[in-house]
Amino acid sequence: MTDYEKPVVLANEDVAEGVYTASGAETSTDCWSVGVTSVQDWNGSHHVFEVKCTHSTAVVHISSQTVVNLTFSNSVTDAYSEFPCTFSGGTVSVSRELHANAYNSGDTMTYKVWVKAADEATTKAISCNGATITCTHAVNVQGGFD
């Protein structure tokens, strides 16, 4: 975080919803880029995709977790990965806790995601139409981000 903006808190007694603020971590998409490639359209039960995440060379921070959201062309009936994975409809989310402290210089992480659709033909034809990634920045030992 390069510029600090003081948050503004507004109270409205007429609404039932609330927004809660958190401290100690910042979620961002400014540091990682993500790409997805089909590597095997049928392994006997699933279509296999490779997820490759590359960190920006311009940003240095402690990255404690990334979440990759993949959007597929069809509904997914099963999905799994090397990391915790959830799915709903045509979206698969993979959460990866990172154990390395500082990311910079274009560091990469690569892993696979296995997805299954309603039948063999749909599974073979399924494609990944989009991928987004968010990153949780942890406070470093000096007490700040980036």
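Every value quoted in this text rests on a predicted model; they were computed, and no experiment measured them.
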Atom [atom1] of [X] and atom [atom2] of [Y]: how far apart are they, to the nearest 0.5 Å?
X: W32; Y: T108; atom1: CH2; atom2: OG1; value: 7.5 Å
X: C31; Y: D107; atom1: SG; atom2: CG; value: 11.5 Å
X: S38; Y: I126; atom1: OG; atom2: CD1; value: 10.5 Å
X: E97; Y: S64; atom1: CD; atom2: OG; value: 7.0 Å
X: W114; Y: H47; atom1: CH2; atom2: NE2; value: 12.5 Å
X: I133; Y: N69; atom1: CD1; atom2: CG; value: 9.5 Å

Any side-chain donor near an acceptor of the partner, N129 and T71, under 3.5 Å
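N129 vs T71: no donor-acceptor pair found between side chains.
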Applying the 4.5 Å side-chain criterion to the ILVMFWY set and letting contacts propagate, would V48 and V34 be lumped into a single cluster?
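No, V48 does not connect to V34 through the hydrophobic network.
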Mind checking whether [X] and [Y] have side chains closer than 4.5 Å, heavy atoms only?
X: V94; Y: V113; answer: yes
X: H46; Y: Y80; answer: yes
X: V36; Y: E50; answer: no
X: V92; Y: C85; answer: yes
X: E120; Y: W42; answer: yes
X: Q65; Y: C135; answer: no
X: K52; Y: T54; answer: yes
X: V51; Y: L70; answer: yes

Would V68 and C53 satisfy side-chain contact (heavy atoms from CB on, under 4.5 Å), going step by step from the backbone distance to the final call?
CA-CA 9 Å; V68 172; C53 306; 4.0 Å; yes
Donor-acceptor pair, [X] side chain versus [Y] backbone, under 3.5 Å?
X: T77; Y: K116; result: yes
X: S127; Y: S73; result: no
X: T122; Y: A118; result: no

May I ask you to check whether F87 and F72 place their ring centres under 6.0 Å from each other?
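Ring centres of F87 and F72 not closer than 6.0 Å.
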Criterion side-chain contact (heavy atoms from CB on, under 4.5 Å) on S95 and F83, from CA distance to verdict:
CA-CA 6 Å; S95 175; F83 303 101; over 6 Å; no
